[in-house]
Amino acid sequence: MSLILENISKKINHHAILNNVSFELNEGEVVGLVGRNGAGKTTLFRMLSGEVQPDFGRIGLDDRDYIKTTASHDQMFYVDMPDNWLAFYTPKRIKSILEVAYIKFDSDWYDEKLKQFNLNNNSRIQNYSKGMKALFTIIVSFASRAQYVLLDEPLDGLDVLVRDQVKQLIIDRVTKNNTTVLIASHNLIELDMLVDRILLLKDGTIDRTFAIEHNKNIKKYQLAFEGDAMPDFLRNNGTIIAQVGHIVTIVFDNFDEEIGIKLAGSDFKFIEELPISSEDIFRASFANEVSAWQQVIGGEA
Ligand SMILES: Nc1ncnc2c1ncn2[C@@H]1O[C@H](COP(=O)(O)OP(=O)(O)OP(=O)(O)O)[C@@H](O)[C@H]1O
C-alpha cells in the first residue's frame, strides 16, 4: 500500500503555506521531513491526519481518496501533543477509546511498553513531563497498529538513554510490522541514523528528496587557502560551513569537474574530503540564507 500526495496546496489567513506538495510513502519506509521553522511540516501532518483540509490536491491510499474514505482513517496515526485531546486522559482511558477507533490496537504491547518505560497508567497525560509525553506519543502511535505513523519531533525532550531505546523501538516496529513512518525533525544527525530518505520542505513545496548515499554531486571539504583572501570561487560555488583563519569547511551543492580542477590548483595548501551529513545538505539547500547571515556576522565584527 502507498500513501500518495498529489499537488497539495493550503493557504492560512491568505498566506500560502503549502504549494503543490507531492510525494509518495511506501510500506516499511522511514522517511524524514525537514524544513526551516514555520516551513509547514506540522500543517502537512495535520492535513494527513484529517485535522486540516487541503485547498487543492489529493491524498490517496493507493487509488482510494483518503480524505473521503473515512473507513481508512485508522490506517494513519498522528498525535499533535500537547494540544491533542489525549492530554486530558489517562493511558488506561486512552486505551479504551483507541481500541474502538483503531481496530488493530495492540493493547498487550501498549501495556507492556508503558510498564517498561515506567509511565503511570493512572495519571493524565497533561501531568506527564515533556519527555514522558514524547515517550507516550511514540508508544500510543505504534500501539495503534496503523500502517502510517506520523511523528513530529519524536526525540525532543528525551534523555540520551531513552532516545536510544526509542530509536530501537521505531526500528523494531518497522521491521516487525512493516509500518511506514514519517518523522518531522530538526535533529538531522539523529534522522540520518533512522531514515531511508529525507524530504526537504522549502518555499511551501518539496524542494528536494535525498538519501545520504545517493548524493554523489554534494561534497564537503576542509581546505586551507594561500594568500590573504579566500578565493572568490569558493563562496560563489559552495556554502561555507566554518572558517578559522585560512582553514575553511565548505559544502559544494553541485560539485563538478571544474570545481575539482580549481581545488587541485595552487590556491590551496591542503584539501581533504569529509563525509557528508544531512545537516550539510540542509545548509547547502539554504545557501543564500547562510551566506546573508554570515555577511551580517562579518559586518558586526
Ligand atoms: N492556525 C494557524 N493560524 C495561523 N497561522 C498558522 C496556523 N497554523 C500554522 N500557521 C502558520 O503556518 C506556517 C507553518 O506552520 P507549521 O507549524 O506547519 O510549521 P513547522 O514547519 O511545523 O514549524 P516548526 O519547525 O517551527 O515547528 C507558519 O507560518 C505558521 O505561522
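Just so you know, residue 1 is the first one in the sequence shown, and it goes up from there. In listed order, ligands and their atoms are each counted from 1.
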Distance-only side-chain donor-acceptor flag, [X] / [Y], under 3.5 Å:
X    : Y    : answer
S9   : D55  : no
E190 : S185 : no
D80  : Y78  : yes
T175 : D172 : no

Looking at N13, which atoms of ligand 1 are within less than 4.0 Å of one of its heavy atoms?
->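 Taking each heavy atom of N13 in turn, ligand 1 has 4 (C) under 4.0 Å.
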Would you mind finding which of A184, G35, G38 brings a heavy atom closest to atom 23 (O) of ligand 1?
-> G38
Geometric N/O contact [X] with ligand 1, under 3.5 angstrom:
X   : result
K41 : yes
I17 : no
R46 : no

Protein heavy atoms: any of them under 4.0 Å from atom 12 (O) of ligand 1?
->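 Protein heavy atoms within 4.0 Å of atom 12 (O) of ligand 1 - there is at least one.
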Within 4.0 Å of atom 31 (O) of ligand 1 (strictly less), any protein heavy atom?
-> no
Do Y110 and F105 make the cut of ring centroids closer than 6.0 angstrom?
-> yes
